[in-house]
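Being a predicted model, the structure only gives us computed values, none of them experimental.
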Amino acid sequence: MGADVATAAGFEEFARAAQQRLYRTAYLLCGDAEGARDLTQTTLAKLYQHWRRAGAAEHPHAYAKTVLTRTFLAERRRRLRDLLVLTRAGGSTVPEAAPDHADLRVTLLAALAELPPRARAMVVLRYWDDQSVASVATLLRCSEATVKSQCSRSLARLRTRLADAGLSLTGS
């Protein structure tokens, strides 16, 4: 029983320290507050289930970010499968048009939402979380060349979207 209490206390301490950080990344991946809260909570629940392994990891925050990203991608794949089943069954789906925003932050979030989930994850991890190409490739289980090409294409799409809205990114 003593080890279980210590394990629970260690997880609670980690969760308090990591929750905001995970939420910020989840928000960028999901594009909305509700989805980000759900993704963060799902991630923390998964971490709690496997806390002995996660807590023993060399970098528990990196472990948590891996769980967060993979959970996001798995959820998107599941939603896509469900949508394809509905479409094949005769249901109609009408994609919503992204609203035209004058504010850079809102426009950027809308542009991020237009990227495919895996490409969005790469951009967020690479440029928001400032991770190396190698770490993103490891995290998403793909080659470094894939990360580079997907990020390059995604940044081009983001720049085009921002230019269409009369905005631009500085630097890069």
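Of all heavy-atom pairs between Thr71 and Lys46, the closest is OG1-NZ, 3.1 Å. Of all heavy-atom pairs spanning Phe72 and Pro117, the tightest one is CE2-O, 3.6 Å. Residue Pro60 comes nearest to Ala54 through the heavy atom pair CB-O, 3.9 Å, listed as atom of the first residue, atom of the second, then distance. Counting all heavy atoms, side chain and backbone alike, Leu29 lies closest to Ala121 at CD2-CA, 3.4 Å.
With Ser152 contributing its side chain and Lys148 its backbone, the two residues share no donor-acceptor pair below 3.5 Å. Side-chain atoms of Arg118 come within 3.5 Å of backbone atoms of Leu140 as a donor-acceptor pair (strictly under, hydrogens ignored). Using modelled atom types, one side-chain atom of Arg70 and one backbone atom of Leu139 make a donor-acceptor pair closer than 3.5 Å.
Residues satisfying the side chain to side chain donor-acceptor pair (under 3.5 Å) criterion with Ser143, sequence neighbours excluded, are Thr146. Every residue meeting the side chain to side chain donor-acceptor pair (under 3.5 Å) condition with Tyr63, not counting sequence neighbours, appears here in chain and number order: Arg53. The side chain to side chain contact (heavy atoms under 4.5 Å, CB included) check on Ser149 picks up Arg153, with sequence neighbours excluded. Remark: Gln131 engages Ser135 in a side chain to side chain donor-acceptor pair (under 3.5 Å) (not counting sequence neighbours).
Rounded to the nearest 0.5 Å, atoms OG1 (Thr69) and CZ (Arg141) are 11.5 Å apart. To the nearest 0.5 Å, the span separating OH on Tyr127 from CG on Leu112 amounts to 12.5 Å. In this structure, OH in Tyr23 is found 8.0 Å from CD in Gln20, a value given to the nearest 0.5 Å. Here Asp129 contributes atom CG and Thr25 contributes atom OG1; the two are 4.0 Å apart, rounded to the nearest 0.5 Å.
The shortest distance between side-chain heavy atoms of Arg120 and Cys30 does not fall below 4.5 Å. Here the side chains of Cys142 and Gln150 are not in contact, with every heavy-atom distance at 4.5 Å or above. In this structure, Leu115 and Leu158 have side chains that are in contact, with non-hydrogen atoms separated by less than 4.5 Å. The closest side-chain heavy-atom distance from Asp130 to Leu125 is not below 4.5 Å.
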Which pairs of donor and acceptor atoms, one on a side chain in residues 34-44, lie under 3.5 Å apart (sequence neighbours left out)?
unit_1 : atom_1 : unit_2 : atom_2 : d
Thr40  : OG1    : Ala36  : O      : 2.8
Thr42  : OG1    : Asp38  : O      : 2.8
Thr43  : OG1    : Leu39  : O      : 2.8

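Ring geometry, Phe11 versus Tyr48: the interplanar angle exceeds 60°, so the pair is classed perpendicular (tilted spans 30 to 60°).
The salt bridge (Lys or Arg N to Asp or Glu O under 4.0 Å) analysis of residues 11-23, with sequence neighbours excluded, yields the pairs Glu12-Arg16.
Residues Glu114 and Arg157 are not paired through a salt bridge, judged by the lack of any N-O separation under 4.0 Å between the basic side chain and the carboxylate.
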